Each structure stands twice: as structure tokens, then as C-alpha cells.
Amino acid sequence: MRVEIWSDIACPWCYIGKARFEKGLAAFGHRDEIEVVHRSFELDPDRAKGDTAPVLDMLAKKYGRTLDEARAMEAHVASNAHSEGLGYRTEGRDHGNTFDIHRLLHLAKERGRQNELLDLAYRANFAEERSVFDAETLVLLAVEAGLDEAEVRAVLADETAYADAVRVDEREAAELGANGVPFFVLDRRYGISGGQPAEVFTQALEQAWQGRTVLQPVGGGAAVGDAPACDVDGNCEV
């Protein structure tokens, strides 16, 4: 059975949701028969490449908050991340366009290293002092994930490389009704939005395994607002 996960590196609930999904998957009896595929979703596709801003400044401007209020928002998210055993820096991170990261994730998928690169990119963005919006950092992360450096540099140098693959993912997300991320689709039968608890993912896997045929929400009618998520306008619940 295939599980597709639409997400963005800039989305903190995608980072947390991935960890919760993996815990839910670990408790599922048929876990070794599940194929997980990560799909592209940009929260800020209109931001120009190279246009980055400190996360706290971005949050304050986006939500009309003070910097102290933005810090409190980040502290709440950090608390959720820490509860899943994830590192999370509340200051010193930046925000930018994630298109190049998604293109490299498609290369990594072809080379069988997608999950490795995704984990490294999340950790760099949320837990370490490394900017995923810097090309050289992306090269280092990709090589660390097991990709060939020359091939990675060639993809980054060619803005058309894997661009269509990213756009296909985003169109499919829209067709499936995803208006926020993370968005999980189980065997094209069940849809789950947001960073749900691990047990909800286990329940969904069990239900999908039983052969339901209609794509529908699980976990008490889960929608984007029912579990923390980031919506299509880049607004992330705190």
C-alpha cells in the first residue's frame, strides 16, 4: 500500500507531522508493506529565489504580531517538536522559496534517497544553524544523503530540472482537495490533514488496509483546522 505525503520544508507542522506519522506507522502491523512517497507543496511559491527573511520577522509581519508574540508562537511549536524528540530553534532561522529543495527531493526519489534528504533538510532548517535556502548548503545536504555532488550541482544549475515533477505534485494536491500541509493520502482511499497524533495515523492505516474505496477524512472528520497545519497561503497554526 502506498502513502503519499504532501509537505514543504518551510512547514513546521510537516516536520512534526512526519515524526508522528512514522510513530503511527511503527505501530501498524503491516508496516513493512507500506511504500511512503513524499510529494511537493510550496507554501510561499511567489517568493523570489534568494529572497529570505528571519522567521520571527516574517511571522510578526504576516500575522500582525509583535516580535515577542512571534517568539511565543515559535515557542509553542517548539514545544510540540520537542515532545516528538525533535530539535527546534526558535530564533536564528530564515524563511524563503523552497522550489530548489523540492526539485532535489525529486532527484533523491529517483536515486532512492528521498527520505534521507528530507530528514536532513528538516533538521537543517528547524534544528541546526544551516540555511536550506543557500545553494551550497543544499549541495552538502544532498551529498550527505547519498547523492552525487556533480549531479546535484547540475540540477541546481538547470532551473527546469524536475520543475515539471514539482508542478505535477502541486496540481495533484489541488485535485485531491489539499488546502494545507501536511496532507497524507493512503492508497488514494483516505486523506488526513495536519500533524495528527500518532494513533490517528495507525487507525487510518488500518482502515485503508481493509480496502475502503472512497477518499475521505479520518480521525473524527479531520480537516486542516482539526490538527495543526500550514495552509496554502503559508499560514501556520500555532
Side-chain angles (χ1 to χ4, degrees), residues 1-11 13-22 24-26 28 30-45 49 96-126 130 132-176 178 180-193 195 201 205 208 215 230:
M1 188 170 74
R2 171 179 285 192
V3 175
E4 297 162 278
I5 306 173
W6 275 264
S7 60
D8 192 9
I9 294 297
C11 165
W13 293 111
C14 296
Y15 175 49
I16 295 167
K18 183 177 186 292
R20 291 176 175 172
F21 169 77
E22 289 172 350
L25 177 61
F28 177 57
H30 299 280
R31 56 187 173 275
D32 294 335
E33 299 172 74
I34 301 299
E35 176 194 9
V36 179
V37 178
H38 295 278
R39 310 290 295 271
S40 299
F41 192 108
E42 295 173 273
L43 288 174
D44 200 355
K49 181 178 177 179
N97 181 289
T98 56
F99 191 60
D100 280 349
I101 305 169
H102 286 297
R103 295 195 299 116
L104 286 182
L105 284 167
H106 276 280
L107 168 65
K109 178 185 175 183
E110 286 189 354
R111 301 296 178 262
R113 309 301 294 174
Q114 187 185 52
N115 193 63
E116 289 81 359
L117 179 56
L118 185 60
D119 280 342
L120 287 167
Y122 273 140
R123 190 166 71 229
N125 188 45
F126 291 107
R130 292 198 285 176
V132 295
F133 308 107
D134 171 73
E136 287 304 312
T137 298
L138 284 181
V139 171
L140 290 173
L141 291 171
V143 170
E144 189 176 346
L147 299 180
D148 177 74
E149 180 177 345
E151 190 171 33
V152 170
R153 290 188 182 278
V155 169
L156 289 176
D158 179 3
E159 294 185 355
T160 67
Y162 298 99
D164 287 346
V166 175
R167 299 307 182 209
V168 166
D169 279 358
E170 293 173 336
R171 284 197 298 271
E172 287 197 13
E175 290 167 2
L176 289 170
V181 285
F183 184 65
F184 303 78
V185 175
L186 285 63
D187 212 28
R188 293 295 170 112
R189 291 171 179 166
Y190 280 80
I192 312 173
S193 296
F201 290 116
L205 288 163
L215 179 64
C230 297

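The structure presented is a predicted model; accordingly, all values stated were derived computationally and were not measured. The figures here come from the full heavy-atom set of this structure, side chains too, leaving out hydrogens, waters and symmetry mates.
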| query | Can you find a pair of side-chain heavy atoms, one from Lys109 and one from Leu117, that are under 4.5 Å apart? | reply | no
| said: Check this for me, if you would: do Arg167 and Asp164 make a salt bridge, where the nitrogen-to-carboxylate-oxygen distance has to be below 4.0 angstrom? | reply: no
| query | Do His38 and Ser7 have a side chain donor and acceptor closer than 3.5 Å? | reply | no
| query | Out of curiosity, His30 NE2 to Ile34 CD1, how far, rounded to the nearest 0.5 Å? | reply | 8.5 Å
| note | For Arg39, the salt bridge (charged side-chain N to carboxylate O under 4.0 Å, His left out) test, sequence neighbours excluded, returns Glu4, Asp169, Glu172
| message | Would you compute the distance between atom CG of Leu141 and atom CG of Leu104 and round it to the nearest 0.5 angstrom? | response | 9.5 Å
| What is the distance from atom SG of Cys11 to atom CG of Asp44, rounded to the nearest 0.5 Å? | 12.5 Å
| remark: For Ala10 and Asn125, the nearest pair of non-hydrogen atoms, with its separation, is CA-ND2, 4.1 Å
| request: Would you please name every residue forming a ring pair (Phe, Tyr, Trp, His ring centres under 6.0 Å) with Phe99, sequence neighbours left out? | output: none
| message | Does atom CD (Glu110) have a neighbourhood of more than 12 heavy atoms from anything else shown, all under 6.0 Å? | response | yes
| field | Over all atoms of both residues, closest heavy-atom pair of Phe183 and Ser193 | value | CD1-OG, 3.3 Å
| request: Using salt bridge (charged side-chain N to carboxylate O under 4.0 Å, His left out) as the criterion, list what pairs up with Asp119, not counting sequence neighbours. | output: Lys18
| Tyr122 vs Tyr15 aromatic rings, parallel, tilted or perpendicular, using cut-offs 30° and 60°? | tilted
| query | Under 3.5 Å, is there a donor-acceptor pair between the side chain of Arg20 and the main chain of Gly195? | reply | yes
| query | With a 4.5 Å heavy-atom cut-off, do Trp6 and Val185 have their side chains touching? | reply | yes
| said: Please report the interatomic distance OH(Tyr162) to CG(Leu107), rounded to the nearest 0.5 Å. | reply: 4.5 Å
| field | Any side-chain heavy-atom pair of Cys230 and Cys14 under 4.5 Å | value | no
| Is there side-chain contact between Asp100 and Leu138, with heavy atoms separated by less than 4.5 Å? | yes
| task | Hey, could you give me the OG1/CD distance between Thr98 and Glu42, rounded to the nearest 0.5 Å? | result | 5.0 Å
| Should the pair Arg130-Glu144 be classified as a salt bridge under the 4.0 Å nitrogen-to-oxygen rule? | yes
| field | From Asp8 atom CG to Leu43 atom CG, the distance as rounded to the nearest 0.5 Å | value | 4.5 Å
| field | Shortest non-hydrogen contact between Ser40 and Val166, atoms and distance | value | CB-CG1, 3.8 Å
| remark: What one should report as the nearest heavy-atom pair of Ala173 and Phe41 is CB-CD1, 4.0 Å
| field | Heavy-atom pair of closest approach, residues Val132 and Ala121 | value | CG1-O, 3.6 Å
| message | Just so I know, are the side chains of Met1 and Leu205 near enough to count as touching, which here means a heavy-atom distance under 4.5 Å? | response | yes
| task | Could you tell me if the ring centre of Phe184 sits under 6.0 Å from that of Phe21? | result | yes
| query | Asp158 and Arg103: which non-hydrogen atoms are nearest, and at how many Å? | reply | O-NH1, 2.8 Å
| said: Quick check: do Val181 and Ile5 have side-chain heavy atoms less than 4.5 Å from each other? | reply: no
| field | Check: Asp187 side chain, Arg189 main-chain N or O, donor-acceptor pair, under 3.5 Å | value | no
| message | Less than 4.5 Å apart, side chain to side chain, heavy atoms only: is that true for Leu156 and Arg153? | response | no
